[in-house]
Amino acid sequence: MDLAGYRELWRAQGVMTLLVSSLLARLPMLATMVPIAFLAKDASGSFRWAGIVAGAYSVGAAVAGPLWSRAADRRGPRGVLLATGIAWSLALFAIALLPTGLHRMLPLPALIAGALVPPVMQTLRAAWPRVVSGPALRTAYSVDATAQELLFMVGPMLGATAVSVASPRAGVLLAAVMSAVFIWWYALRQPEPLPRDQHTSVPLTARQLLWHRHRLPLILAFGLWVMSFNGISLAIVAFADDHGQRLIAGILEAVWAFGSLVGGAVAGALPGRRTSYLWRRAALVAAGMLLCVFATWSSVSLGIALTLSGLTLAPAIGALYGRLGSLTPDVARTEVFGWMGSAATGGGALGAAVAGALIESFGVRYVWLLAAVLAAVSTVLLLRVPPEIEPEPTGPDLPAGGLLGETA
């Protein structure tokens, strides 16, 4: 164990403010979907309509995410974040104030709201190499991935609480107010871009950015991971329903996230090594998911397996963030994380659909088998991604400082 990365991260000027403001800015994004879904269901009386509205929101986010990220690279993140933050808040206000009799129109404002989601996660991951380096950079990506797990627990819970205590409209309004305040604060905390020379300041086209022997496998691998994660979340719900105790679903999700939190915290304290290959992390993710296939005979056994599986998630995700960031020029780093977000959105939607079909046709355990296969495919995709290496002179396709590594 080596806490040098955490110490450097703590001492770096402005880093803690940037991290905290980004977490608060992301919170309303994760708290929004639950009240929007209940708003659509209450207005129409159908969860199917709620699914259509949620799907419209996701499509908007997936399509517009890379565009906002590209704009942040070219024009600076601060202005893009402020503009989208205000526009997204107004779109949420429009959804909350839409009369019940006009519920058939909900997919349109939901699509617009999804298209206006501010690129908070993308700009944060692009900003880390501008404020820290070395062990602190590896720790920053690990902390980012770990904090994201915590937000996935707190955000939906906050939205559900607002729905239960007040109403779905109140939940959407709460998210709108939070976004107006927190995204503004986060936007003002943005660091200055790194100095650019004549080579790295030339913008890359989307094809040049994506059609790359290392970046494309990283983005595809992340999409496969999210596809498996969403499938597993549905499998947990189905497992709890089969056992007649729906409360188990929340408990199993919590222990899975807890395992990831612990894994991410430990990974942030591990020293980097020259031979740190990302495919090894992906192989551990596959092994953890395969373990769950043989643990579905009881809730206790599955809880233990999910905890062990969770230990592998945040370290692998944090390492992937680090590799993608280091293999992308600073001039296009926000955009590449935008494309990664779109891959995650598409993979998540597909994962839930495929998992539902598997549960109906074969049973719950086959969802974990599919997840293990998807993680194994991601391992193959990542075989050619280079390991952590010492900083080298910059080139036309590398950021200043060479290839920054991930944790061991």
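- Note on residues 20-39: pairs passing salt bridge (Lys or Arg N to Asp or Glu O under 4.0 Å), not counting sequence neighbours, are Arg26-Asp144.
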Give the table of side-chain donor-acceptor pairs shorter than 3.5 Å for residues 301-308, with sequence neighbours excluded, one pair per line with atom names and distance.
from: Ser301; atom 1: OG; to: Ala295; atom 2: O; distance (Å): 2.7
from: Ser301; atom 1: OG; to: Ser298; atom 2: N; distance (Å): 3.3
from: Ser301; atom 1: OG; to: Ser298; atom 2: O; distance (Å): 2.9
from: Ser301; atom 1: OG; to: Ser298; atom 2: OG; distance (Å): 3.0
from: Thr307; atom 1: OG1; to: Gly303; atom 2: O; distance (Å): 2.8

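- With sequence neighbours left out, Ala96 forms a side chain to side chain contact (heavy atoms under 4.5 Å, CB included) with Val172, Leu173.
- Remark: side-chain polar atoms of Ser378 are paired, donor with acceptor, to backbone N or O of Ala375 under 3.5 angstrom.
- Under the rule for a ring-ring contact (aromatic ring centres under 6.0 Å, His included), Tyr57 has no partner lying at least two apart in sequence or in another chain.
- Within the structure, ring pair (Phe, Tyr, Trp, His ring centres under 6.0 Å) pairs that include any residue of residues 343-364 comprise Phe362-Tyr366 (at least two apart or interchain).
- Every side chain to side chain contact (heavy atoms under 4.5 Å, CB included) that Ala180 has, sequence neighbours left out, goes to Ser89.
- Considering only residues two or more places apart in sequence or on other chains, Trp339 meets the side chain to side chain donor-acceptor pair (under 3.5 Å) condition with Glu335.
- Applying the side chain to side chain donor-acceptor pair (under 3.5 Å) rule to Thr334 yields the partners Asp73; only residues at least two apart in sequence or on another chain are considered.
- Partners of Thr312 under the side chain to side chain contact (heavy atoms under 4.5 Å, CB included) rule, at least two apart in sequence or in another chain, are Leu284, Val285.
- Partners of Ser58 according to the side chain to side chain donor-acceptor pair (under 3.5 Å) rule, which considers only residues two or more places apart in sequence or in another chain, do not exist here.
- Every side chain to side chain contact (heavy atoms under 4.5 Å, CB included) that Pro119 has, sequence neighbours left out, goes to Trp68, Ser69, Val80, Leu81, Thr84, Gln122, Thr123.
- Sorted by first and then second residue, the salt bridge (Lys or Arg N to Asp or Glu O under 4.0 Å) pairs with a member in residues 287-303 form an empty list; sequence neighbours excluded.
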